[in-house]
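Data block below; observations after.
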Amino acid sequence: MTLDDEIKIKISQLSDPPKLVDNWEDIADKLSDSFNWKGTKIDWKKTINYKNSQLFGNYSNWVLVIKKLIYDNEICAEIKKSKVIYYINDSSLNFAVQLTYKQFDSFLALAVENIPQHHYFFDSSNKWCLVISSEGYVDFGLSQKNLQT
């Protein structure tokens, strides 16, 4: 069984499973076009309302720190306003995930605890992006390019 298969099963077992997107390359390209990049990472200095935190301990602890960052800042409001939220991964999965705000918390925990590599969560207009890196950081910023949408 591949990691894709394992994660698809875990997603299907969520109480409100999000939608899987097999043709996700255009979604990733739009995200890439919406932010300034420094090498292979978003250049967070060129985002608006940048927030970040370092992650320690096991992945369950990471989820708590990430949620604290989200709920202690205006990040929660941005996520809540989003009708569609996308999730893509650096290279571990061969699909994207489309979810709603109501599905966000349960999928966030599933992703962080079960999927290796970097995690990218962003809205369908690419206004904001939340990145959880495998090096142990969570970063959030608003795109300077897409704030009008």
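Hydrogens, waters and symmetry mates are skipped; everything else that's a heavy atom, side chains included, is used.
Following chains of ILVMFWY side-chain contacts shorter than 4.5 Å, one can reach L3 starting from V97, so the two form part of one hydrophobic cluster. The same ILVMFWY cluster, assembled from side-chain heavy atoms under 4.5 Å apart, contains both Y71 and L142. V63 and I79 fall within a single hydrophobic cluster, where Ile, Leu, Val, Met, Phe, Trp and Tyr are joined by side-chain heavy atoms under 4.5 Å apart, directly or via other members.
The distance from the NZ atom of K80 to the CD atom of E74 is 15.0 Å, given to the nearest 0.5 Å. Interatomic distance, CD1 of I48 versus OG of S143, reported as 7.5 Å (0.5 Å rounding). Residue D33 holds its CG atom at 8.5 Å from CG of N126, rounded to the nearest 0.5 Å. Of the inter-residue distances, the one linking N36 atom CG with I42 atom CD1 reads 9.5 Å to the nearest 0.5 angstrom. Residue Q117 holds its CD atom at 6.0 Å from OG of S134, rounded to the nearest 0.5 Å.
Residue pairs meeting the side-chain hydrogen bond (donor to acceptor under 3.5 Å, both in side chains) criterion with at least one partner in residues 37-51, sequence neighbours excluded, are Y50-N52, Y50-D139. Listed by first and then second residue, the salt bridge (Lys or Arg N to Asp or Glu O under 4.0 Å) pairs that reach into residues 53-71 are K68-D72, sequence neighbours excluded.
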Test log, rule side-chain contact (heavy atoms from CB on, under 4.5 Å), inputs I115 and S92
CA-CA 7 Å; I115 305 169; S92 296; 4.2 Å; yes
Start with the C-alpha gap between I11 and F95, add the side-chain angles, then the distance that decides, and say whether side-chain contact (heavy atoms from CB on, under 4.5 Å) holds.
CA-CA 12 Å; I11 290 171; F95 61 88; 4.1 Å; yes
Go through D4 and T2 one step at a time and tell me if the side-chain hydrogen bond (donor to acceptor under 3.5 Å, both in side chains) criterion holds.
CA-CA 5 Å; D4 271 16; T2 66; 5.3 Å; no
Using side-chain contact (heavy atoms from CB on, under 4.5 Å), reason through S82 and W128 one step at a time and then give a plain yes or no.
CA-CA 10 Å; S82 305; W128 59 265; 2.8 Å; yes
Begin with the C-alpha distance, continue with both residues' side-chain angles, and end with the deciding distance and a verdict on side-chain contact (heavy atoms from CB on, under 4.5 Å) for C129 and Y120.
CA-CA 7 Å; C129 187; Y120 296 83; 4.1 Å; yes
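Judged by distance alone, with hydrogens and angles left aside, the side-chain atoms of N58 form a donor-acceptor pair with the main-chain N or O of S60 at under 3.5 Å.
For Y59, the side-chain contact (heavy atoms from CB on, under 4.5 Å) criterion is met by W62, V112, E113, not counting sequence neighbours. Legend: residues meeting side chain to side chain donor-acceptor pair (under 3.5 Å) with Y87, ordered by chain and number and at least two apart, are N89, H119. Applying the side-chain contact (heavy atoms from CB on, under 4.5 Å) rule to K81 yields the partners E78, K127; only residues at least two apart in sequence or on another chain are considered. Applying the side chain to side chain donor-acceptor pair (under 3.5 Å) rule to S53 yields no partners; only residues at least two apart in sequence or on another chain are considered.
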Validation: residues 13-32 side-chain donor-acceptor distances under 3.5 Å, sequence neighbours left out:
from: D16; atom 1: OD1; to: Q103; atom 2: NE2; distance (Å): 3.3
from: W24; atom 1: NE1; to: N94; atom 2: O; distance (Å): 3.4

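Aromatic ring centroids of F121 and F104 lie under 6.0 Å apart.
Scanning both residues, I75 and I70, for their nearest heavy atoms gives CB-O, 3.7 Å.
Chaining together hydrophobic side chains whose heavy atoms lie under 4.5 Å apart leaves Y137 on its own.
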